[in-house]
Amino acid sequence: MKKLSILFLSIIMISTLVLAACGGNSSSTGASEKESSDSASGEGGKRTLKVSIGVNDKHPEYEGAMKFKELVEAESDDLTVEVYHSGQIADDRSAIEMLQFGTLDITIPSTSPLVNFIPEFGVFDLPFTVPNEEVADKVLDGAFGDKMLEKVDGQGLVGLAWWENGFRNLTNDVKPVAAMEDVKGLKIRTMENEIHLDAWKALGANPTPMAFTELFTALQQGTIDGQENPYPTILLSKYPEVQKHVSNTNHVYTPFIFLFSKKIWEELSAEQQEVIAKAAVEAGKFNRQRNREVADESLETLKKEMTFTEIKDGEFEKFQEAVKPVIDKYKDKIGAEIVDEFLAEIDKAK
């Protein structure tokens with residue numbers, strides 16, 4: 001009897017273990033399938049996306065960011081967007097690094113800071129290459145633009161769309177600039193960018209790299225003679241208070257690039273990704289339109305507050321010829337293939 005009891009208990013224990021094992025395998029398989037599904041499309045859930053931009057809340061880029069917020073929140077109950085302007089979170093380079101670490105969702109910088117991470121983005125700094133906005137649109141919205149967006153992937157970033165900062169133009173407090181010889185000797189503030197520095201040297205100027213936050217004071221004190229920026233930035237930064245002359249040099253066309261943290265992107269659901277990607281493109285179109293409207297409006301205001309000088313006919317060719325050695329110098333550093341492709345796409349789009 002005792003032996004039968006022991007045998008009976010043993011059978012029960014073995015049966016329990018078998019059932020537990022079967023149940024465990026079933027549960028494990030279910031969890032594995034869920035994890036696989038989550039890693040493929042992200043878990044989704046409610047999220048607040050933070051956007052960091054360097055310009056102030058009067059700039060067309062800020063209007064574009066608010067348009068992005070409107071579009072996303074209209075299409076998704078799970079996503080809300082907060083926009084931080086004027087570098088409240090970080091400057092452009094630091095914001096890019098925060099995206100890489102997954103501590104910030106979105107930033108929309110000009111392409112120049114990206115050169116520190118991806119040398120090929122120096123192609124957008126090459127002077128006197130893009131003749132007008134229509135050509136810029138064709139190049140950026142075509143295969144070349146898509147190729148450059150994909151290049152950020154290896155840096156822990158997702159490139160979603162092209163926005164617009166616009167053409168950079170020259171102001172100074174010394175004399176009207178209508179021809180290349182008028183540039184000679186001018187002390188001009190530039191971004192801390194080697195291509196920009198060498199381009200202005202090739203034109204005969206005395207370029208000085210300087211942080212944007214120090215620029216107004218330097219102009220006010222006469223430490224430098226002039227600076228170069230898009231018309232809206234010139235007006236919003238109140239440079240007419242410390243500068244007399246403005247010229248339509250249009251020497252560099254600078255796009256903004258809409259960047260998302262790859263680390264955070266992979267946590268989103270496929271539906272959330274689709275909403276964000278579509279909104280980034282649509283808001284970018286809105287930003288371009290507004291930027292061009294505001295640039296025209298800004299120039300009209302600048303003409304009332306400063307002396308506007310049109311670059312003489314035939315002078316742009318002289319500018320282009322003068323900076324050819326700069327393009328040749330940086331071609332290999334940027335990537336000869338990328339430079340050749342960029343210039344070919346510009347010629348095709350003209």
Side-chain angles (χ1 to χ4, degrees), residues 109-155 159 161-170 179-180 183 188 190-205 207 228-230 247-259 284 288 291-292 295 311-350:
S110 69
T111 51
S112 295
L114 271 175
V115 177
N116 297 301
F117 305 90
I118 309 165
E120 290 93 331
F121 273 83
V123 74
F124 295 112
D125 290 311
L126 295 177
F128 299 101
T129 52
V130 180
N132 54 54
E133 291 145 344
E134 290 74 21
V135 169
D137 288 348
K138 288 178 182 178
V139 173
L140 293 173
D141 293 339
F144 183 82
D146 292 343
K147 182 176 182 176
M148 295 303 290
L149 286 176
E150 289 170 5
K151 282 191 176 294
V152 307
D153 184 72
Q155 294 293 323
W162 294 107
W163 290 25
E164 181 174 272
N165 191 11
F167 282 101
R168 304 180 76 86
N169 292 282
L170 177 67
M180 202 175 87
V183 176
I188 298 171
T190 71
M191 293 186 290
E192 297 173 85
N193 180 297
E194 290 182 354
I195 299 175
H196 287 226
L197 285 167
D198 283 347
W200 284 107
K201 286 176 184 176
L203 297 174
E228 42 84 55
N229 263 300
S247 299
N248 62 327
T249 50
N250 287 344
H251 48 278
V252 172
Y253 175 85
T254 309
F256 282 130
I257 182 170
F258 191 106
L259 298 174
R288 286 184 192 176
N291 197 66
R292 291 163 195 182
I311 300 297
K312 292 178 180 177
D313 290 341
E315 281 302 311
F316 280 110
E317 287 76 12
K318 294 180 182 178
F319 282 116
Q320 287 176 315
E321 193 65 30
V323 299
K324 275 185 179 178
V326 178
I327 294 175
D328 291 338
K329 176 181 177 180
Y330 287 95
K331 189 172 182 178
D332 287 337
K333 293 182 180 179
I334 293 169
E337 183 183 336
I338 287 291
V339 173
D340 287 340
E341 187 177 348
F342 179 62
L343 297 177
E345 288 297 315
I346 289 172
D347 286 338
K348 192 192 303 182
K350 285 180 182 178

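A quick note: this is a predicted structure, and the numbers were derived from the prediction, not measured.
For N116 (side chain) and P113 (main-chain N/O), a donor-acceptor pair under 3.5 Å exists by modelled atom type. The main-chain N or O of T254 is never found under 3.5 Å from a side-chain atom of S110 such that the two would form a donor-acceptor pair.
Residues that satisfy the side-chain hydrogen bond (donor to acceptor under 3.5 Å, both in side chains) test with K138, not counting sequence neighbours, are absent from this structure. Residues forming a side-chain hydrogen bond (donor to acceptor under 3.5 Å, both in side chains) with E194 (at least two apart in sequence, or on another chain): none. The salt bridge (Lys or Arg N to Asp or Glu O under 4.0 Å) test applied to R168 returns E228, not counting sequence neighbours. Listed by chain and number, the residues in a side-chain hydrogen bond (donor to acceptor under 3.5 Å, both in side chains) with N291 are E164 (sequence neighbours excluded).
Contact check for L140 versus P255: side-chain heavy atoms found under the 4.5 Å cut-off. Side chains of V139 and Y253 form no contact here, defined as non-hydrogen atoms less than 4.5 Å apart. Residues K201 and P207 meet the side-chain proximity criterion, which asks for heavy atoms closer than 4.5 Å. In this structure, the side chains of L114 and K151 stay at 4.5 Å or more apart for every pair of heavy atoms.
For the ring pair (Phe, Tyr, Trp, His ring centres under 6.0 Å) condition, the pairs that include at least one residue of residues 329-350, sequence neighbours left out, are F124-F342, F144-F342.
Here the closest non-hydrogen pair linking T249 and N169 is N-OD1, 3.1 Å. Of all non-hydrogen atoms in I188 and A205, the two that sit nearest each other are CD1-CB, 3.8 Å. Between V326 and A202, the shortest heavy-atom contact is CG2-CB, 3.9 Å. The minimum heavy-atom distance between F319 and V183, with the atom names listed, is CE2-CG2, 4.2 Å. Nearest approach of V152 to I118, heavy atoms of both residues: CA-CD1, 3.7 Å.
Put simply, the residue from E315, E321, Q320 that forms a side chain to side chain contact (heavy atoms under 4.5 Å, CB included) with E317 is Q320.
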Check step by step if ring pair (Phe, Tyr, Trp, His ring centres under 6.0 Å) holds for W162 and F258.
CA-CA 6 Å; W162 294 107; F258 191 106; over 10 Å; no
The test is salt bridge (Lys or Arg N to Asp or Glu O under 4.0 Å); show your working for K331 and D328 and say whether it passes.
CA-CA 5 Å; K331 189 172 182 178; D328 291 338; 5.8 Å; no
Side chains of residues 126-134: which donor-acceptor pairs under 3.5 Å do they make with residues two or more places apart or in other chains?
unit_1	atom_1	unit_2	atom_2	d
T129	OG1	L126	O	3.0
N132	OD1	E134	N	3.2
N132	OD1	V135	N	2.9

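In this structure, NE2 on H251 lies 7.0 Å from CG on L170, to the nearest 0.5 angstrom. The NZ atom of K147 sits 9.5 Å away from the CD atom of E345 when rounded to the nearest 0.5 Å. Atom CG of L197 sits about 9.5 Å away from atom CE of M191, to the nearest 0.5 Å.
Side chain to side chain, D125 and N193 meet the donor-acceptor criterion of an N or O pair below 3.5 Å.
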